Amino acid sequence: MEVITALDFNEIEKAKSLVKSVGSCINYYKVGLELFVSSGPAIIDWLKSEGKNVFLDLKFHDIPNTASHAVSAAANYGADIINIHTQGGVDMMKMCVDKLNDECSKKGLKRPLLIGVTLLTSLDEAHLNEYGINDYSSVGYVLKLAGLAKECGLDGVVSSAQETKIIKENLGKEFLTITPGIRPLGNDVTDQKRVVTPKDALLLGSDYIVVGRPITKADNPAAAAESIIKEING
Ligand code: C5P
């Protein structure tokens, strides 16, 4: 299991300084909306020049034509993982897969993993009920979205680690799970709802965990990252 650190910063220099201070124990970094909208793609080039793997977490959710063109544009940045919302619809997901494959084979690009966001880890059943989705538990809803994502040819999904086991049991071990909402014991849950510890995420079968504030807001980010790696390997 890989640890992906979320670079949720509003300035590129803050992101670089965090990466430098964490050092070699983290190989994957997530560039999300806040950093990408504030700083543009320069952070991706910099992370690649530092030998890091990049998850470009822009969660595209639009009509099929717009989302699929955004996905093929994102492939040109050299990110290793990109994502779209599964709730954008089956036609959108299929067109994103096709456009990504075409773009990468046409230009000889390394094809990034294409991952679908299911239900955000900041949402739970109360949200589903509020939106009139009363027939599903949050786990059932995530599994439904993950099944559709697999049928459309996506490589995996973003979900809570609480759903990893059922996703793997139903959709196979090869179907990847990237799980945010990770909180080492003793850490503040903040705005996340469906949280899991790093060790439990490993035991549940997550392929990647996304850890933001427990590392980025720690007094000593390198020590926080190392302690998570130790917890996983211990
Ligand atoms: O700071 P924290 O560990 O809560 O950060 C989690 C990161 O994962 C954030 O960048 C957030 O945008 C992202 N994320 C999430 N839930 C999802 C998808 C992405 O928390 N379902």
Side-chain angles (χ1 to χ4, degrees), residues 1-6 28 30 32 53 55-61 67 71 79-98 100-101 111-129 131 133-184 189 191-212 214 228 231-232:
M1 185 176 78
E2 293 282 350
V3 178
I4 306 177
T5 300
Y28 277 81
K30 183 171 89 66
N53 296 297
F55 172 17
L56 184 59
D57 176 27
L58 300 180
K59 302 186 183 73
F60 298 129
H61 187 173
V71 162
D80 301 275
I81 307 175
I82 55 184
N83 64 0
I84 60 178
H85 260 285
T86 54
Q87 294 181 81
V90 163
D91 288 347
M92 183 200 92
M93 288 194 276
K94 283 185 181 156
M95 202 187 268
C96 287
V97 172
D98 291 346
L100 179 63
N101 291 342
R111 185 193 177 285
L113 294 172
L114 184 62
I115 301 293
V117 177
T118 56
L119 184 65
L120 294 172
T121 44
S122 55
L123 301 176
D124 58 13
E125 265 145 45
H127 161 82
L128 294 180
N129 294 334
Y131 275 61
I133 305 165
N134 301 312
D135 299 343
Y136 287 95
S137 62
S138 55
V139 176
Y141 193 60
V142 168
L143 187 59
K144 171 80 186 160
L145 295 172
L148 292 171
K150 189 177 179 201
E151 273 171 43
C152 293
L154 269 64
D155 300 298
V157 284
V158 181
S159 70
S160 158
Q162 291 175 6
E163 292 113 26
T164 303
K165 200 161 171 277
I166 196 164
I167 290 172
K168 296 280 184 185
E169 278 166 8
N170 283 271
L171 303 176
K173 277 205 161 55
E174 305 305 311
F175 193 63
L176 299 170
T177 53
I178 301 186
T179 61
I182 300 295
R183 290 291 178 268
V189 169
D191 55 349
Q192 296 285 13
K193 295 213 170 90
R194 300 176 357 262
V195 299
V196 169
T197 66
K199 186 76 183 185
D200 285 345
L202 174 75
L203 297 174
L204 290 164
S206 294
D207 298 288
Y208 302 83
I209 55 171
V210 176
V211 186
I228 289 171
E231 176 182 332
I232 294 167

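Because the structure is a prediction, the values reported are computed rather than measured. All values below come from the heavy atoms of this structure, side chains included, with hydrogens, waters and symmetry mates left out.
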Q | Qualifying residues under side-chain contact (heavy atoms from CB on, under 4.5 Å), relative to Asn53, sequence neighbours excluded | A | Asn27, Tyr28, Lys48, Asp80

Q: Using side chain to side chain contact (heavy atoms under 4.5 Å, CB included) as the criterion, point out the one residue from Asp98, Val97, Ile84 that pairs with Val71.
A: Ile84

Q: Search all heavy atoms of Thr179 against all heavy atoms of Ala201 and return the closest pair with its distance.
A: OG1-CB, 4.4 Å

Q. Just wondering, do Lys144 and Tyr136 contact through their side chains at under 4.5 Å, heavy atoms?
A. yes

**Q.** Side-chain touch Leu145/Gln87, heavy atoms, less than 4.5 angstrom
**A.** yes

Q) Where is the tightest heavy-atom contact between Pro180 and Ser159, given as atom of each residue plus distance? A) CD-O, 3.2 Å

Q.
Give me the atom names and distance for the closest heavy-atom approach of His85 to Met92.
A. O-CE, 3.1 Å

Q.
Using 0.5 Å steps for rounding, measure from the CD1 atom of Ile166 to the CG atom of Leu143.
A. 5.0 Å

(Q) To check you understand the geometry: which heavy-atom pair defines the closest contact between Met93 and Ala149, and what is its length? (A) SD-CA, 3.8 Å

Q | Separation between CD of Glu163 and OG of Ser206, rounded to the nearest 0.5 Å | A | 10.0 Å

Q. Where do Ala6 and Val210 come nearest, in terms of heavy atoms and distance?
A. CB-CG1, 4.0 Å

Q | Residue of the set Asp57, Ile82, Val158, Thr177 for which side chain to side chain contact (heavy atoms under 4.5 Å, CB included) holds with Ile115 | A | Val158

Q) Among Val196, Asp200, Val142, Leu204, which residue meets the side chain to side chain contact (heavy atoms under 4.5 Å, CB included) test with Gln162? A) Val196

Q. Has Lys199 got more than 12 heavy atoms of other residues, nucleotides or ligands less than 6.0 Å from its NZ?
A. yes

**Q.** Nearest atoms (heavy-atom pairs only) where Pro184 meets Glu231
**A.** CB-OE1, 4.2 Å

Q: Please answer whether the main-chain N or O of Leu58 pairs with a side-chain N or O of Asn83 as donor and acceptor at a distance below 3.5 Å.
A: yes

Q. Out of Leu154, Leu176, Leu100, which residue meets the side chain to side chain contact (heavy atoms under 4.5 Å, CB included) rule with Leu113?
A. Leu176

(Q) Can you list everything that forms a side-chain contact (heavy atoms from CB on, under 4.5 Å) with Lys94? Sequence neighbours excluded, please. (A) Val90, Cys152

Q) Side-chain contact, heavy-atom cut-off 4.5 Å: Val3 with Pro198? A) no

Q) Charged N to carboxylate O under 4.0 angstrom, Asp207 versus Lys168? A) yes

Under 3.5 Å, side-chain donor or acceptor atoms of residues 119-126 against the rest of the protein: list the pairs with distances, not counting sequence neighbours.
unit_1, atom_1, unit_2, atom_2, d
Thr121, OG1, Gln192, OE1, 2.8
Asp124, OD1, Ala126, N, 3.1
Glu125, OE2, Ser138, N, 2.6
Glu125, OE2, Ser138, OG, 3.2

Q: Would you give the length of the straight line joining atom CG of Leu202 to atom CD1 of Ile232, rounded to the nearest 0.5 angstrom?
A: 6.5 Å

Q: Rounded to the nearest 0.5 Å, what's the gap from CZ on Phe55 to OG1 on Thr5? Could you check?
A: 12.5 Å

(Q) Donor-acceptor pair, distance only, cut-off 3.5 Å: does the side chain of Lys165 make one with the backbone of Gly205? (A) no

Q: May I ask you to say whether Arg111 pairs ionically with Asp155, meaning some side-chain N is under 4.0 Å from a carboxylate O?
A: yes

Q | Side-chain heavy-atom pair Ile167, Phe175 within 4.5 angstrom cut-off | A | yes

Q) Should Val211 and Ile228 be marked as a side chain to side chain contact (heavy atoms under 4.5 Å, CB included) after you check the CA-CA gap, both sets of side-chain angles, and the distance that decides it? A) CA-CA 9 Å; Val211 186; Ile228 289 171; 3.8 Å; yes

